[in-house]
A.B. asks: 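The structure's right below; bear with me while I get my questions together.
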Number of protein chains: 2
Amino acid sequence: MVVERGRQAALGDQEIDRIFRALADATRRDIVQRTLTQEASVSQLAALYDMSFAAVQKHIAVLEGAGLVTKHPQGRERLVRGNPTTLRRAQDLLEHYEQIWRGRISRLDALLTEE
Amino acid sequence: MVVERGRQAALGDQEIDRIFRALADATRRDIVQRTLTQEASVSQLAALYDMSFAAVQKHIAVLEGAGLVTKHPQGRERLVRGNPTTLRRAQDLLEHYEQIWRGRISRLDALLTEE
DNA sequence: CTAACGTGCAACCAAATGGTTGTAGAACGA
DNA sequence: TCGTTCTACAACCATTTGGTTGCACGTTAG
């Protein structure tokens, strides 16, 4: 057991922070979606959006830092590939919240029935 | 149909932005989790974290702006209640991504079998 | 009525974010 | 070899974020 907490930030929370932060931008979500379907080079991706190459490069770096995409060198270009595993982690957390909420509902149910 | 897009931000994307951005902070996630279980007043929540009252107030405002919690006046205090509906929206989006990924897998499968 | 409590909001500040341009190097094509 | 392409990275800038303190105001308790 890891020290009773619930009011202080756990260390691994920064990882979750990065994942959600990375997903909080439409361009980055689009990149994830595309590269989940099919990997693409940095410049191929950059051509899709109305901003500089460097800007898109930064977005990809944010996604990579969050583990939402991985880069694979191939010759002079880097292929970007979406990472479903990290997406799963975010999904699991949200499902956890939903479970908590359902738990509350059933506790309310229990109270009503027992009465 | 709303204009062909896929490279330009849709207007409702800002809503998604706000949801994920709100979730990208451990304190805010903790508030969501707690108020999903049981509603609490702003000052009750503020007492839980090692920061000023106003800071917690701001976090709650961000969550409210994203629709992740709602506030309900009761006498001089405001009860904060987690909103599972908005959480569901985020969850649905992530599941959508997972579906896209699974689609890619089955397309690869199809290619292999057909060969 | 008055004091204390709960909340909201403004002003301020440091740090992070999201964009830009420019430079530099590695890999490829002719 | 030489020019072009792809990428990385630094420097810079405006805006947003996340925190602070202080003040105002409605509500409750004594």
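Proteins get letters first, then strands, A, B, ... in listed order; numbering begins at 1 in each.
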A.B. asks: Using the side-chain heavy atoms of S43(B), tell me which of these nucleotides is nearest: dT7(D), dG18(C), dT7(C).
C.D. replies: dT7(C)
A.B. asks: Please tell me if R28(A) has a side-chain N or O lying less than 4.0 Å from either OP1 or OP2 of dG18(C).
C.D. replies: yes
A.B. asks: Enter the distance from Q38(A):CD to R81(A):CZ here, rounded to the nearest 0.5 Å.
C.D. replies: 11.5 Å
A.B. asks: Quick check: on DNA chain C, is the nucleotide nearest V56(A) upstream (toward 5') of the one nearest G75(A), or the reverse? Name the residue that is more 5'.
C.D. replies: V56(A)
A.B. asks: In whole angstrom, what separates K58(B)'s NZ from dC13(C)'s P?
C.D. replies: 13 Å
A.B. asks: Using a cut-off of strictly less than 4.0 Å, decide whether R78(B) has a side-chain nitrogen or oxygen near OP1 or OP2 of dG8(C).
C.D. replies: yes
A.B. asks: Between A22(B) and L68(B), what is the shortest heavy-atom contact and its length?
C.D. replies: CB-CD1, 3.7 Å
A.B. asks: OP1 or OP2 of dG8(C) versus the side-chain N and O atoms of Q57(B): is any pair under 4.0 Å?
C.D. replies: yes
A.B. asks: Could you tell me the separation between the NZ atom of K71(B) and the P atom of dT7(C), rounded to a whole number of Å?
C.D. replies: 9 Å
A.B. asks: Under 4.0 Å between a side-chain N/O of S52(A) and OP1 or OP2 of dT20(C), yes or no?
C.D. replies: yes
A.B. asks: What is the distance from CE of M51(A) to C1' of dA14(D), rounded to the nearest Å?
C.D. replies: 16 Å
A.B. asks: Is there a side-chain polar atom (N or O) of R18(A) under 4.0 Å from OP1 or OP2 of dT17(C)?
C.D. replies: no
A.B. asks: Can you tell which of dG8(C), dG19(D), dG18(C) lies closest to the side chain of H59(B)?
C.D. replies: dG19(D)
A.B. asks: Scan A54(A) against the nucleic acid and name what it touches under 4.0 Å (heavy atoms): base, sugar-phosphate only, or nothing.
C.D. replies: base
A.B. asks: Start at the 5' end of DNA chain C and walk down; is the nucleotide closest to D25(A) or to S41(B) reached first?
C.D. replies: S41(B)
A.B. asks: If you only use heavy atoms from C-beta on, which nucleotide in dG8(C), dT7(D), dG29(C) is closest to the side chain of R76(A)?
C.D. replies: dG29(C)
A.B. asks: Between atom OG1 of T35(B) and atom CG of N83(B), what is the distance when rounded to the nearest 0.5 Å?
C.D. replies: 9.5 Å
A.B. asks: Rounded to the nearest 0.5 Å, what separation is found between the CD1 atom of I31(A) and the CD1 atom of I60(A)?
C.D. replies: 5.0 Å
A.B. asks: Heavy atoms from C-beta onward define the side chain here; which of dG18(C), dC6(D), dA29(D) lies closest to that of E77(A)?
C.D. replies: dC6(D)
A.B. asks: Count the heavy atoms belonging to other residues, nucleotides or ligands that lie under 6.0 Å from CZ of R104(A), then report whether that count exceeds 12.
C.D. replies: yes
A.B. asks: Between D50(A) (CG) and dG18(C) (P), how many Å, whole number?
C.D. replies: 17 Å
